[in-house]
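These notes are about the structure you will find just below.
Numbered from 1 within each chain, the chains take letters A, B, ... in sequence-line order. Note that the coordinates shown come from a computational prediction; the quantities given were computed from them, not determined experimentally.
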Amino acid sequence: MSALKQLKIDHLRGSVVPFSLAFEKGKKLTVVYGENGAGKSTICDAFDFLGKGTVGSLENRGLGKTSRFWCSLGKKSSDVAVQLETLSSSCRAVIQRSNVVVTPPENRPGVEVLRRKQILALIEATPSNRYESIRRFIDVSGIEASEETLKGLIRDLNRGRDIAAARVQENIDELRRTWETAGSPGKAPFSWATAEAARDAKTLETEISNLVALQDAYKRMTAHPDQLISAEESLKDAQNFDAAAINSVEECAKDVAKDARETVGLLEAAQDYLAKNPSPFVCPLCESREKAADLARRVEERLSKFSSLQAALKLKTAAEESIRTAISKIEACRASFETDVLGFEKWRSENIWPKDISLPDTPAPQSALELKAWLSKNDELAKTWKVAETERYDKKQTITNLAKGLENWRSNSETLEALDRLIPRLTKALELLGEERRKFTDSVLTNIANEVGRLYEAVHPGEGLDKISLQLDPNKRASLEIEANFCGQCAPPQAYFSDSHLDTLGLCVFLALAALDQPENTILVLDDVLASVDEPHVDRLIEMLYSEALRFRHCIITTHYGPWKHKLRWGWLKSGECQFVELAKWTNLSGLAVIRTIPDVERLRTLLAETPPDLQLVSSKAGYILEAALNFLTLLYECAVPRKHEDRYTIGDLLPVMSKKLREAMRVDVLTGKDETGAPQRKTVILTPILNELIRIAEARNLFGCHFKVISFEHLDREALAFGRKVLELMETLTDPDAGWPKNDKSGEYWATSGETRRLYPLRKPS
Amino acid sequence: METPSRRLAEKIMQRLIGEGLLTDRQGKKLIPKLESGKISQEDWRLALELSDSKEGQV
């Protein structure tokens with residue numbers, strides 16, 4: 001990601017007029033200094049707005065939805081715009097329909113903002129809220145869901161395995177019972193059952209079928225004797241009845257004429273004629289008119305004399321019909337009789353019957369009476385066929401059941417075996433999954449904790465408070481505990497740490513988390529986070545922030561911490577990577593405004609390089625810097641300075657107390673580079689002539705009693721220039737723009753800057 | 001940014017494949033489902049059974 005070039009803010013919060021902040025090329029840290037109300041937070045809000053689409057400084061102030069307060073007073077949301085230009089691209093954020101829209105979206109920078117009021121949020125939060133802060137780094141809820149699914153599968157399969165095992169046992173028990181019921185044949189139930197199940201059930205089915213057919217054939221014969229005897233008796237009865245009818249007809253015929261039968265026929269024909277022609281004029285037979293009038297009456301009278309004969313004749317006709325019927329029935333019985341007897345005989349003689357089946361010794365007779373006797377004789381024998389059929393049916397059922405039982409046993413055993421193979425593999429997979437998940441989470445938390453400890457140790461070296469640990473509560477979901485080593489014991493830091501220590505810890509936690517997610521693409525914004533850090537630790541905290549800022553794309557630190565401003569202005573801190581920006585007091589007309597952006601030493605260098613130089617400004621700036629340098633040196637060598645209120649010392653107070661012996665002993669070894677072997681190369685600069693020249697100029701112009709602000713009025717033009725150049729020479733010799741001032745006496749021989757780019761001799765003031 | 005779930009899913013599958021519980025192909029195929037939590041019981045079962053049968057063939 002390319003370096004930042006310029007931030008433009010239009011009508012967001014304090015930017016009542018468009019404001020722009022230019023970033024110095026090659027510097028990844030920008031310190032924005034300003035007194036309260038200067039607009040520092042507006043700059044932080046602009047980055048928040050651009051990167052996260054929000055204005056964090058307004059949150060948790062009881063304002064509800066804050067977007068209506070994002071614009072400057074008197075402006076509309078549509079007037080708000082933030083634009084960030086980099087060396088290779090730019091992006092712009094505006095408000096559209098209550099949403100922050102960034103174009104082009106792919107250029108939207110990653111931003112992490114920490115504000116002073118949030119600094120303790122992670123430390124003092126509840127474990128669950130603390131977890132939320134770092135969720136994105138350790139949230140493996142998808143994996144946890146997959147783990148639960150696997151757990152559920154194992155649980156279900158274990159249930160299935162229990163069921164399969166119970167079924168296998170049931171199958172074994174059932175086979176054993178069947179085996180015992182069968183009289184425990186063979187050596188063991190399974191070998192017996194297997195052999196039995198392998199038997200061909202078709203033989204039994206054939207035998208059952210033959211036995212059923214044999215019994216049917218036998219049963220069909222049983223009715224025939226009685227039916228035949230009954231039919232023969234009916235024939236006899238019909239024949240007897242016919243004989244009686246014949247006798248009766250003959251008896252009646254004796255009483256009438258020999259041709260009575262023909263006469264009756266003639267009369268009946270006449271009666272039929274007269275029924276159709278009731279009043280004939282003549283006799284239809286002789287055509288006589290005599291007696292024709294009552295012919296019908298007389299025919300009827302004559303016919304009545306023949307009625308008994310007629311009845312006898314009817315009976316005879318009925319008897320003859322009965323004989324015919326009886327004969328027909330006997331013929332049918334006999335035919336059926338013969339068919340069934342032959343059918344039975346066929347089953348009896350033509351099939352091969354098992355040995356346990358007994359059959360009649362003789363064929364079934366063709367005579368009804370003989371058959372009846374034959375059936376009576378074999379009746380008990382026929383009952384054994386039913387028993388044999390039932391036995392075979394039971395046997396067939398047993399074989400079917402055994403085969404089915406064995407199949408179930410095999411199937412359930414296979415299921416059980418498959419589960420016994422699968423479940424341990426699934427269980428192992430679950431164990432590995434859980435192990436990897438815990439290892440992963442622990443690793444992330446340990447890395448964060450170690451990083452927090454490292455940062456914390458940089459600010460509080462040797463205090464033994466660096467053993468920070470972050471742990472997920474195993475008994476609670478999404479709950480993060482934080483502990484630190486305090487006097488050799490693990491304890492929640494918020495219980496024992498001072499406010500200042502907790503602030504540092506909160507800042508370290510934030511930095512550690514911000515650095516986890518692509519810090520090289522992240523703009524880190526720290527809004528006034530130094531406020532509660534005490535003086536002894538602030539230098540180290542600042543140094544730590546300097547070195548950590550290099551890991552990020554850019555780091556913006558806002559502060560109203562005065563000493564930092566002065567240390568930067570006088571170059572007491574490493575400033576090579578730092579851009580210093582001072583904000584003027586905010587007004588509702590001018591909004592945010594930048595006073596300066598470069599340290600005083602750099603400013604002096606710039607003033608001296610101008611053509612023509614502004615000599616008043618040169619004198620004033622040089623005097624200001626010289627005061628700071630003398631202040632540093634007199635403190636370093638513990639020079640006796642008269643006490644004054646508010647430590648407001650002038651050059652006249654500080655320069656004379658640096659004795660001649662001290663000035664003559666002062667020299668600086670300046671690191672100039674390295675030789676071919678990598679050994680450092682240094683040049684020695686004697687400070688005596690520089691300091692003596694500064695004293696001469698001061699004495700000549702009687703500047704001793706003046707503060708730097710009035711020096712400019714006393715200088716001659718040429719001396720002003722010489723004064724400025726000597727101060728710059730002193731500063732360039734004494735300080736390093738990157739490593740600051742020589743403040744380290746660990747060598748025991750000299751004062752050194754970080755990296756020993758400067759070595760200031762002597763270590764102590766000569767006596 | 002690669003999500004923690006994705007990074008962990010890859011580690012887990014690597015481990016399961018290394019332990020012979022999953023085939024390389026099945027393991028890689030299941031990473032997105034494992035990561036998102038959308039892996040089903042059938043997915044788990046099938047993958048481990050397939051790997052077991054492959055192991056048996058070897």
Side-chain angles (χ1 to χ4, degrees), chain A residues 110 112 134-160 415 417-445 447-448 472 514 516-522, chain B:
Chain A
E112 293 293 341
I134 65 162
R135 172 191 282 280
R136 63 192 168 122
F137 303 111
I138 59 171
D139 179 24
V140 288
S141 50
I143 302 289
E144 286 169 339
S146 297
E147 195 176 344
E148 278 305 311
T149 305
L150 179 55
K151 214 179 276 179
L153 172 62
I154 293 170
R155 194 170 50 240
D156 292 349
L157 289 182
N158 270 321
R159 274 195 214 115
T415 304
E417 193 182 333
L419 289 174
D420 280 345
R421 242 185 109 72
L422 180 62
I423 291 172
R425 288 168 67 79
L426 289 167
T427 307
K428 190 175 177 188
L430 179 66
E431 285 168 6
L432 294 181
L433 197 158
E435 190 182 309
E436 285 296 324
R437 179 179 51 75
R438 285 186 292 275
K439 209 194 297 179
F440 177 84
T441 311
D442 288 348
S443 160
V444 174
L445 291 178
N447 286 343
I448 296 172
L472 290 177
L516 274 180
D517 186 7
Q518 300 181 313
E520 68 280 5
N521 295 331
T522 302
Chain B
M1 177 191 174
E2 195 178 39
T3 64
S5 280
R6 177 71 184 193
R7 290 207 306 276
L8 179 55
E10 284 171 0
K11 278 175 186 284
I12 288 168
M13 283 308 176
Q14 207 174 355
R15 181 89 188 271
L16 294 179
I17 292 165
E19 294 284 343
L21 292 168
L22 290 179
T23 62
D24 192 49
R25 188 163 168 271
Q26 283 292 323
K28 284 175 182 163
K29 196 174 149 191
L30 284 178
I31 286 175
K33 284 186 173 181
L34 176 67
E35 173 200 354
S36 62
K38 288 179 180 167
I39 191 166
S40 68
Q41 289 195 354
E42 272 312 300
D43 289 331
W44 275 120
R45 182 172 186 162
L46 187 65
L48 268 83
E49 280 178 344
L50 272 175
S51 140
D52 192 26
S53 66
K54 287 266 166 66
E55 207 172 66
Q57 284 171 14
V58 173

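Contacts of A/Glu435 with chain B are made by side-chain atoms alone, with heavy-atom separations under 4.5 Å and no backbone atom involved. For A/Lys439, the part lying near chain B is the side chain, with the backbone staying farther off; criterion is any non-hydrogen pair under 4.5 Å. The part of A/Leu157 that comes within reach of chain B is its side chain, from C-beta onward, which places non-hydrogen atoms under 4.5 angstrom from that chain.
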Quiz prompt | Working for side-chain contact (heavy atoms from CB on, under 4.5 Å), residues B/Ile17 and B/Thr23 | solution = CA-CA 6 Å; B/Ile17 292 165; B/Thr23 62; over 6 Å; no
Exercise. Check step by step if side-chain contact (heavy atoms from CB on, under 4.5 Å) holds for A/Arg159 and A/Asp156.
Key: CA-CA 5 Å; A/Arg159 274 195 214 115; A/Asp156 292 349; 3.2 Å; yes
Exercise. Start with the C-alpha distance between B/Ile31 and B/Arg6, add both sets of side-chain angles, then the distance that settles side-chain contact (heavy atoms from CB on, under 4.5 Å), and finish with yes or no.
Key: CA-CA 8 Å; B/Ile31 286 175; B/Arg6 177 71 184 193; 3.6 Å; yes
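Of the listed residues A/Val140, A/Val444, A/Ile143, the one with more heavy-atom pairs under 4.5 angstrom with chain B than any other is A/Ile143.
Although no hydrogens or angles enter the test, the distance criterion places no donor-acceptor pair under 3.5 Å between the side chain of B/Arg45 and the main chain of A/Leu426.
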